[in-house]
Amino acid sequence: MTQIKRVCIVGAGAIGSLYAAHLSTACEVSVLTRREVHASLLNSEGLRVSGKSQLQTQMKAAHSPAVLDDADLVIIATKANHVQESVETISGYFPGAIVMTVQNGLGCEEVVTQYGDWPILSAVTFMAGTKHSDVHVEYELDTATWIGPWVGSHASYANAQSVAALI
């Protein structure tokens, strides 16, 4: 299994923020946001999670992938209708990363393959939260995330095991 030390979360809504905060306790996490002001707030105030978990974390956030460090894992945590825009933005970046989608919908993986030759993991998450602000998310439902290699890419079961071990 590959050890994952650096994770980039693309999308900092409720689910992306929950992944970012929790994973930052185990590895280096960066966040790519759609809005520059959101990235600025995360950099200055950090991210707070209340509810099922109580966390206050710091991470590097940016509006452009050009200013972020490389990552071993990229989690696309946007709404399904923003996946194309998000992967267009990261195209050409994170060349050695595993990319995991968490939209709980069909077809997102096919969109990702159009913009890079990443190994792709398809995930379904059942956790839930409420985003109170750009820097505060309430963790409401603590349940499993199912992860597997997407058949249309060169992701392996070992890739899925590495991500599962981290999560």
Side-chain angles (χ1 to χ4, degrees), residues 1-34 42 47 49 51-53 55 57 59-62 65 68-129 131 137 139-167:
M1 281 193 308
T2 304
Q3 185 176 13
I4 297 170
K5 296 180 181 178
R6 300 166 300 169
V7 176
C8 178
I9 309 294
V10 178
I15 300 302
S17 293
L18 289 172
Y19 276 117
H22 285 92
L23 290 174
S24 71
T25 66
C27 64
E28 180 184 323
V29 173
S30 60
V31 177
L32 182 62
T33 65
R34 289 187 337 151
L42 286 170
L47 179 59
V49 173
K52 296 281 184 190
S53 295
L55 295 169
T57 64
M59 63 207 57
K60 183 175 183 178
L68 294 175
D69 295 331
D70 201 8
D72 304 309
L73 171 65
V74 174
I75 299 175
I76 308 293
T78 63
K79 299 287 187 197
N81 59 336
H82 293 291
V83 169
Q84 183 166 349
E85 173 189 347
S86 297
V87 292
E88 283 177 358
T89 300
I90 66 167
S91 181
Y93 296 94
F94 313 114
I98 298 164
V99 174
M100 183 171 84
T101 61
V102 293
Q103 282 69 35
N104 294 0
L106 299 173
C108 293
E109 298 85 359
E110 288 93 346
V111 173
V112 174
T113 63
Q114 295 173 27
Y115 295 94
D117 188 34
W118 302 286
I120 300 170
L121 298 177
S122 183
V124 175
T125 188
F126 297 98
M127 69 175 162
K131 185 175 173 182
V137 174
Y139 193 14
E140 296 175 337
L141 186 59
D142 181 16
T143 55
T145 296
W146 297 346
I147 304 167
W150 183 60
V151 71
S153 80
H154 53 91
S156 67
Y157 183 67
N159 295 141
Q161 288 177 306
S162 295
V163 174
L166 178 64
I167 290 175

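Note: hydrogens, waters and symmetry copies are ignored here, and every other heavy atom, side chains too, is used.
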Counting N and O atoms only, with roles assigned by atom type, does the side chain of Trp118 sit under 3.5 Å from a partner on the main chain of Phe94, one being a donor and the other an acceptor? yes
Indicate yes or no: at least one non-hydrogen side-chain atom of Ile120 is less than 4.5 angstrom from one of Ser122. no
Side chain proximity check, Leu23 to Ile4, heavy atoms < 4.5 angstrom: no
Cut-off 3.5 Å, side chains only: do Ser162 and Asn159 have a donor facing an acceptor? no
Could you tell me the separation between the CG atom of Asp69 and the CZ atom of Arg6, rounded to the nearest 0.5 Å? 7.5 Å
Of all heavy-atom pairs linking Trp150 and Thr113, the shortest is CZ3-CG2, 3.2 Å
Can you tell me if Thr143 uses its side chain to pair, donor with acceptor, with the backbone of Met127 under 3.5 Å? yes
Minimal heavy-atom distance between Ala12 and Thr33, with the atoms involved, is CB-CG2, 4.2 Å
What is the minimum heavy-atom distance between Met59 and Ala20, and which atoms define it? SD-CB, 3.8 Å
Could you check if a side-chain atom of Pro65 sits within less than 4.5 angstrom of a side-chain atom of Thr89, using non-hydrogen atoms only? yes
For Phe126, does the CZ atom sit with more than 12 other heavy atoms under 6.0 Å from it, leaving out its own atoms? yes
Please examine the side chains of Thr25 and Leu55, heavy atoms only from C-beta on, and report whether any two atoms are closer than 4.5 Å. yes
With no hydrogens and no angle check, is any side-chain donor or acceptor of Gln103 less than 3.5 Å from a backbone partner on Thr78? yes
State whether the side chain of Glu28 and the backbone N or O of Lys60 hold a donor-acceptor pair below 3.5 Å, judged by distance alone. no
Do Ile147 and Ile167 come within less than 4.5 Å of each other through their side chains, counting heavy atoms only? yes
Could you walk me through whether Glu110 and Gln114 satisfy the side chain to side chain donor-acceptor pair (under 3.5 Å) test, starting with their C-alpha distance in whole Å, then the side-chain angles of each, then the deciding distance to 0.1 Å, before giving a yes or no? CA-CA 7 Å; Glu110 288 93 346; Gln114 295 173 27; over 6 Å; no
